[in-house]
Visitor: 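Dumping the structure here so I can ask a few things about it.
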Amino acid sequence: MTNDYLVGDEQFLTEAASTGRRPTRDERDSRRALGERAADAGHGLRLLVSDHLAAAPVIWPRFSSPTNSALAALHRTVDAFAEGYERAQRLAVRHQETARRESHRNAFDRVGLRAYGTLPTST
């Protein structure tokens, strides 16, 4: 289930471990997008981060040991993923708040119109 949200991690982490390069903007954006998708699908962030951390050492046996650059790359990857996840969560809360306010406003309007006799009581 959560492997869908690890797409591209192996290639990036392998390159980062061997070259020390940082993630590109596109790579960070793709991690954020995966984080947003995971949040929208209702997956828990803790499990997803755990999966990222568990998957990373799978590629490291190719090297003598995880390097600082590999660990930094993993940190940046998980950070971008969590950022996207949190952004999706904030957006969902905003939508819920907007819907709640709209619902309350509509109910208030109906009560007010009914009090003045301009709204049929059947609605």
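Computed from heavy atoms alone, side chains included, the values below leave out hydrogens, waters and symmetry copies.
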Visitor: Counting C-beta onward and ignoring hydrogens, is there a side-chain heavy-atom pair between D51 and Y5 closer than 4.5 Å?
Guide: no
Visitor: Which of these passes salt bridge (charged side-chain N to carboxylate O under 4.0 Å, His left out) with E27: R22, R21, R32?
Guide: R21
Visitor: How long is the gap from CG on L45 to CD on Q89, to the nearest 0.5 Å?
Guide: 8.5 Å
Visitor: When the side chains of residues 90-99 are checked against the rest of the protein, which donor-acceptor pairs come out under 3.5 Å, sequence neighbours left out?
Guide:
| unit_1 | atom_1 | unit_2 | atom_2 | d |
| --- | --- | --- | --- | --- |
| E97 | OE1 | R100 | NH2 | 2.8 |
| T98 | OG1 | R94 | O | 2.9 |

Visitor: Which heavy atom in L48 sits nearest to a heavy atom in F81, and how many Å separate them?
Guide: CB-CE2, 3.7 Å
Visitor: Judged by atom type as modelled, is there a donor-acceptor pair below 3.5 Å linking the side chain of Y85 to the main-chain atoms of L34?
Guide: no
Visitor: What residues form a side-chain hydrogen bond (donor to acceptor under 3.5 Å, both in side chains) with E36, not counting sequence neighbours?
Guide: R87
Visitor: Mind listing the side-chain donor-acceptor pairs of residues 72-79 below 3.5 Å, one per line with the distance, residues two or more places apart or on another chain?
Guide:
| unit_1 | atom_1 | unit_2 | atom_2 | d |
| --- | --- | --- | --- | --- |
| T77 | OG1 | A73 | O | 2.8 |

